[in-house]
Amino acid sequence: MKQSEYDILVVGAGPAGACAAAAAARRRLRVLMIERRNVVGVPVQCAEYIPAPLVGELNLGRSFVVQPVQGMKTFLAGREVKTSLSPGFIIHRDRFDQTLVQAACDSGAQLMPATKAVSRNGNDVIIRTKGAPPAKITAKIIIGADGPLSTVAKWIGAVNPDRLCAVQVRVPLKRRLQFAEVYFDKDFFGGYAWLFPKGDQANLGLGIRKKGDAPPPLGRLLDAFTSRCLEAEKITAAATGLVSGWIPAGPAPKIVSGNVLLAGDAAGHAHPITGAGIFPAVTAGRMAGTWAARALEANDLKVLSQYETEYRDLFGDSMERAVKRRRLLETRWDNLDTILKNCWVAFKEYYAGA
């Protein structure tokens with residue numbers, strides 16, 4: 001069995017993993033990223049919106065940008081109830097992830113695509129690359145950035161069961177849109193549907209919470225929402241490119257354990273109400289990579305606890321508020337029309353009393 005030694009192993013090459021790898025590699029550490037997909041970012045499982053300031057903060061150009069959006073329109077039972085001005089961009093998520101990974105590689109990190117983390121014993125991780133025999137990687141620190149069904153989270157007993165199930169398709173638009181659109185309806189328990197413009201097309205999808213023991217009727221609800229958009233003359237034809245996935249709806253039980261850190265969706269860093277995860281993933285990834293490097297420089301794994309402290313200092317209040325609002329949203333879902341203002345980020349009532 002082939003064996004290699006690294007300072008840091010990053011499992012997952014999405015925004016969190018790529019930014020963690022870049023931050024650590026810039027400090028001249030030996031960093032390996034492994035990514036289970038053959039091609040980074042493919043298939044796309046994302047509505048593909050990012051806040052406008054993130055483009056400037058990353059300073060990696062705009063090759064992944066499709067169009068700007070002026071903000072968000074919120075609909076309740078098919079009626080528009082709020083227009084919010086919050087500039088952002090719709091992106092090609094695959095190009096975005098690939099740009100971040102390239103920046104990490106330019107900083108000195110290595111990438112192994114089509115590679116899964118199989119098991120761990122202390123600092124030793126068994127990996128399997130498609131078409132190759134298993135290999136052993138020895139790493140002083142492991143960063144799990146491998147999504148909401150994280151293998152690394154399982155290793156440290158931090159599996160996060162708090163998730164929404166989501167589906168998305170691509171649809172042609174009747175006319176170009178300048179706002180992202182979000183739709184609340186009593187049929188979309190605990191979540192919402194969306195129509196996010198992407199040039200002359202759009203990402204149309206929905207994410208909902210499982211209710212009871214029965215599987216959620218995602219296909220039926222998606223078809224019904226697509227039909228509504230057709231009837232409203234927002235789109236012109238049937239959907240293509242169905243993808244599905246999971247959206248974290250709350251933080252993981254822990255994000256630091258021994259020599260292991262979690263970041264991004266693996267850590268439940270997506271916003272529990274909106275599901276927005278790219279900005280916190282980028283931020284958490286940078287923090288994880290930086291604190292991992294500092295721990296190695298100090299030869300003290302206790303330094304890793306500062307990663308969780310810094311993340312909670314920055315996002316703790318907003319995450320706590322969102323968790324409380326989600327609890328209210330789900331327990332009073334039958335009164336959605338009266339509680340939405342208290343449970344959705346577009347309204348000032350959401351922030352009252354926080």
Side-chain angles (χ1 to χ4, degrees), residues 1-14 16-37 104 107-130 132-161 251-269 281 284-312:
M1 181 182 294
K2 183 179 178 181
Q3 180 170 353
S4 300
E5 295 187 2
Y6 291 88
D7 294 310
I8 298 174
L9 171 65
V10 179
V11 182
C19 289
R26 290 189 192 109
R27 300 172 82 103
R28 302 183 183 279
L29 296 175
R30 295 166 298 167
V31 180
L32 174 66
M33 287 181 287
I34 63 172
E35 167 57 46
R36 63 180 178 81
R37 299 175 177 181
S107 297
Q110 297 180 39
L111 171 68
M112 291 181 62
T115 301
K116 296 181 180 180
V118 178
S119 63
R120 166 187 174 243
N121 182 13
N123 291 358
D124 295 333
V125 175
I126 303 301
I127 64 171
R128 185 182 294 275
T129 301
K130 189 175 295 185
K136 181 185 290 185
I137 299 295
T138 299
K140 298 172 184 174
I141 292 177
I142 302 163
I143 298 177
D146 49 339
L149 301 179
S150 170
T151 295
V152 179
K154 294 176 183 177
W155 293 344
I156 63 170
V159 174
N160 185 4
K254 55 186 172 183
I255 63 173
V256 179
S257 179
N259 69 331
V260 177
L261 308 178
L262 302 178
D265 283 355
H269 283 159
R286 286 173 169 172
M287 289 180 183
T290 299
W291 284 109
R294 290 173 178 172
L296 294 179
E297 290 162 359
N299 195 28
D300 184 2
L301 290 179
K302 293 179 181 178
V303 171
L304 296 178
S305 65
Q306 295 301 310
Y307 160 56
E308 185 164 8
T309 299
E310 184 180 13
Y311 188 85
R312 295 194 186 283

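These numbers come from a predicted model, not from an experiment.
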For residues 148-159, which residue pairs qualify under side chain to side chain donor-acceptor pair (under 3.5 Å), counting only residues two or more places apart or in two chains? Asp146-Ser150

Just jot down the side-chain contact (heavy atoms from CB on, under 4.5 Å) partners of Arg286, sequence neighbours excluded, or say none. Cys19, Glu57, Leu58, Val282

Not counting sequence neighbours, which residues clear side chain to side chain donor-acceptor pair (under 3.5 Å) with Arg36? List them please. none

Side chain to side chain donor-acceptor pair (under 3.5 Å) involving Lys116 - partner list, sequence neighbours excluded: none

Going by the rule side-chain contact (heavy atoms from CB on, under 4.5 Å), which residues pair with Ala16 if we only count those two or more places apart in sequence or in a different chain? Ala145, Ala263, Ala281

Solution key, residues 292-300 side-chain donor-acceptor pairs under 3.5 Å, sequence neighbours excluded:
| unit_1 | atom_1 | unit_2 | atom_2 | d |
| --- | --- | --- | --- | --- |
| Glu297 | OE1 | Arg27 | NH2 | 3.0 |
| Glu297 | OE2 | Arg27 | NE | 3.1 |
| Asp300 | OD1 | Lys302 | N | 3.0 |

For residues 257-267, which residue pairs pass the side chain to side chain donor-acceptor pair (under 3.5 Å) check, not counting sequence neighbours? Arg120-Asn259, Asn123-Asn259

Asn160: partners by side chain to side chain donor-acceptor pair (under 3.5 Å), with sequence neighbours left out: none

State which residues pass side-chain contact (heavy atoms from CB on, under 4.5 Å) with Thr129; sequence neighbours excluded, sorted by chain then number. Met112, Thr115, Ala132

Side chain to side chain donor-acceptor pair (under 3.5 Å) involving Arg312 - partner list, sequence neighbours excluded: Glu308

Name all residues meeting the side-chain contact (heavy atoms from CB on, under 4.5 Å) criterion together with Thr309; count only those two or more places apart in sequence or in a different chain, and write none if there are none. Gln306, Asp313

Sorted by chain and number, sequence neighbours left out, ring-ring contact (aromatic ring centres under 6.0 Å, His included) with Tyr307 holds for none

